[in-house]
Amino acid sequence: MTETSTTGPGTARRPVRQLLAASVGNAVEWYDWYAYTFLATYIAARIFPEESGNSLVPLLSTFAVFAVGFFMRPVGGLLMGAVADRHGRRAALTVTILLMGGSSLLVGLTPTYAAAGVLAPVVLVVARLLQGLSVGGEFAASTTFLVESAGPGRRGLFSSFQYVSTTAGQLAASGVAAALVAGLGEGRMESWGWRVPFLLGAVLSLVGFWIRRGAEETLREPAAGTGGPRPRLLDALRHHPRASLLICGITAGGTLAYYTWTSYLPTYAELNAGIDKADALLAGTLSLAFFALLQPVGGMLSDRYGRKPPLLFFGVGFALLAAPLLRSIGDSFGSLLLVQCAGMVLLTGFTSVSAAVNAEIFPARVRAAGIGFPYSLTVALFGGTAPYVGTLFKELGRPGLFPWYVSALCLVSAAVYLRLPETAHKELER
């Protein structure tokens, strides 16, 4: 399973194919991830029925829906990152897309509780374990692959497609789920319709697998037995502790802002401003489409002017404006859409360049694992908990504290950005 490249970072002969290989696979991965989020209520009704009478079922329900996916993402970042560093980026990308396809198929074929009893939630938990493992590994491998595939002066542009494809997957999942609900109705959706997006995701994973099989390897490394030892699992943490901490600092404010603005804001607006659920979801969809269009612009600007300006634009902007923006949400569709789009402009300063910045911190030998574990751990701690923390503040009667929590963490990241060395115009370390 050894890959030996003759091209090396930044010299891929088919950059468009490389971009497509990373982007299509990443979109499929996130389509599956978000499909589960959108359809969780239908899944719970069939797999975790309240009338089951088995004390294990509510426990497994909580574990499967809220914990296991994010718990496995740091593990996936570490394991799949190590695969990418030891055997090549393409090998890791192949594994992650197959894992996601298998987990999606498993969700689609999960038996109901009525048919299989407690085995049904156990199967679903296993599927979520595989999904989390795959998503964590996908970021590590695809980030490294994208940046190493870019030509001179285009690493920012290529890295921006990390979030273009993520957003495309989210929009596709939302669109498929909405179309099925409208076309099938509640009865058939609860019976079998919820399975369709996951079966479709398994098919799309095969398409992503086929595209990735034709991609060029970007890891330049001597063949086994002719060079130094392959990197071990924890080499990045052991030999590059400062870089690992930098990834955490770079990511903390960005991931909290990202999940707040792309996932939690519709719920926040419903809870705190009384906005209609349909209006909140429509505003979220339109702002996501706007967000996807902004990413290449942010990436190209970072290639020309450097990584630090957009990062500081995001960090300082959110530190100063997150609280005023969230407090300004009124009970109208227009006010929510305006706030979401304003936040997306600021957020682009982080999302469009984060992949490039992360990759430019580590040498190629441990780049994927070095990015994957600290990034995914930080996402799990701060991004994955954003809806919970926001709802908790509401339940405690202090909803106004959540915007300040977002601002404070973005201010911490802004301090990290201020001390970062500028890497945009340097050769990618090999």
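Count residues from 1 along the sequence. Because only heavy atoms are used, hydrogens play no part in the values below, and waters and symmetry mates are left out as well, while side chains stay in.
- Rounding to the nearest 0.5 Å places CE of Met300 at 11.5 Å from CD of Gln295.
- Two residues are said to be in side-chain contact when any heavy atoms from C-beta on lie closer than 4.5 Å; Asn358 and Thr144 fail this criterion.
- A perpendicular orientation is assigned to the rings of Phe402 and Tyr264, their planes being inclined by more than 60° (bins at 30° and 60°).
- The backbone N or O of Ser352 lies less than 3.5 Å from a partner atom in the side chain of Ser159, making a donor-acceptor pair.
- To the nearest 0.5 Å, the span separating CG on Leu99 from OG on Ser104 amounts to 12.5 Å.
- Classification of the Tyr163-Phe291 ring pair by plane angle, with boundaries at 30° and 60°, yields perpendicular.
- For the pair Phe290/Leu293, no side-chain contact is recorded, criterion being any heavy-atom separation below 4.5 Å from C-beta on.
- Within the model, atoms CD of Gln340 and CG of Leu325 stand 11.0 Å from one another, a figure rounded to the nearest 0.5 Å.
- Partner of Arg155 under the side chain to side chain contact (heavy atoms under 4.5 Å, CB included) criterion, out of Glu148, His425, Arg307: Arg307 alone.
- Residues Glu270 and Ala280 approach most closely at OE2-CB, 4.1 Å, considering heavy atoms.
- Looking only at side-chain heavy atoms (C-beta outward), Pro197 and Tyr31 come within less than 4.5 Å of each other.
- Put simply, the side chain of Leu336 does not reach to within 4.5 Å of the side chain of Asp279, judged on heavy atoms.
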Quiz item: Would Val28 and Val207 satisfy side-chain contact (heavy atoms from CB on, under 4.5 Å), going step by step from the backbone distance to the final call?
Solution: CA-CA 9 Å; Val28 171; Val207 176; over 6 Å; no

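- Without hydrogens or angle criteria, Arg73 side chain to Gly132 main chain gives no donor-acceptor distance under 3.5 Å.
- Proximity of Tyr36 to Phe198: side-chain heavy atoms (C-beta onward) are separated by under 4.5 Å at one or more points.
- Looking at heavy atoms from C-beta onward, Leu180 lies out of side-chain contact with Tyr42 at the 4.5 angstrom threshold.
- Atoms CZ and OG1, from Phe161 and Thr167 in turn, are 11.5 Å apart once rounded to the nearest 0.5 Å.
- With Ser165 contributing its side chain and Gln162 its backbone, the two residues share a donor-acceptor pair below 3.5 Å.
- In this structure, Ser413 contributes its side chain and Gly249 its backbone to a donor-acceptor pair below 3.5 Å.
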Exercise. Begin from the C-alpha positions of Leu326 and Leu265 and carry the test side-chain contact (heavy atoms from CB on, under 4.5 Å) through to its verdict.
Key: CA-CA 9 Å; Leu326 290 175; Leu265 202 58; 3.3 Å; yes

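- Atom CG in Leu39 sits 5.0 Å away from atom CE in Met189 (nearest 0.5 Å).
- Atoms CD and CG, from Glu138 and Asn26 in turn, are 4.5 Å apart once rounded to the nearest 0.5 Å.
- Gly372 approaches Ala140 most closely through the heavy-atom pair CA-CB, 3.5 Å.
- With hydrogens and angles ignored, the 3.5 Å screen pairs no side-chain donor or acceptor of Asp32 with any backbone N or O of Gln131.
- Between Pro374 and Ser244, the closest heavy-atom pair is CB-O, 3.5 Å.
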Quiz item: When you look at Leu93 and Ser142, which way does the side-chain contact (heavy atoms from CB on, under 4.5 Å) test go after all the steps?
Solution: CA-CA 7 Å; Leu93 290 171; Ser142 65; 3.9 Å; yes

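- Using cut-offs of 30° and 60° on the angle between ring planes, the pair His240 and Phe362 is perpendicular.
- In this structure, the ring of Phe318 has its center no less than 6.0 angstrom from the ring center of Phe350.
- Minimum interatomic distance between Leu130 and Ser103 (heavy atoms only, all atoms of both residues): CB-CB, 3.6 Å.
- Using a distance-only test at 3.5 Å, with no hydrogens or angles considered, no donor-acceptor pair links the side chain of Trp261 to the main chain of Ala342.
- The number of heavy-atom neighbours closer than 6.0 Å to CZ of Arg238, taken from other residues, nucleotides and ligands shown, is above 12.
- Judged by the 6.0 Å and 45° rule, Arg128 forms a cation-pi pair with Trp33.
- Between Trp30 and Tyr34, the angle of the ring planes lies from 30° to 60°, which puts this pair in the tilted group.
- A side-chain donor-acceptor contact under 3.5 Å links Arg17 to the backbone of Ile211.
- Considering all non-hydrogen atoms of both residues, Val147 and Ala355 come closest at CG2-O, 3.8 Å.
- Looking at Lys308, its side chain does come within 3.5 Å of a backbone N or O of Leu418 through a donor-acceptor pair.
- Judged purely by atom type and a 3.5 angstrom limit, Thr112 uses its side chain to pair as donor or acceptor with the backbone of Ala115.
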Practice problem: Starting from the C-alpha separation in whole Å, work towards a yes-or-no answer on side-chain contact (heavy atoms from CB on, under 4.5 Å) for Glu29 and Thr96. | Solution: CA-CA 8 Å; Glu29 296 266 1; Thr96 58; 3.5 Å; yes

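- The number of heavy-atom neighbours closer than 6.0 Å to CZ of Arg154, taken from other residues, nucleotides and ligands shown, is 12 or below.
- At a threshold of 4.5 Å between non-hydrogen side-chain atoms, the residues Thr166 and Thr351 do not count as touching.
- Residues Ile247 and Phe373 form no side-chain contact, since every pair of their non-hydrogen atoms from C-beta on lies 4.5 Å or further apart.
- The backbone N or O of Gly108 sits less than 3.5 Å from a side-chain atom of Arg195, completing a donor-acceptor pair.
- Residues Trp194 and Thr110 come closest through the heavy atom pair CH2-O, 4.3 Å.
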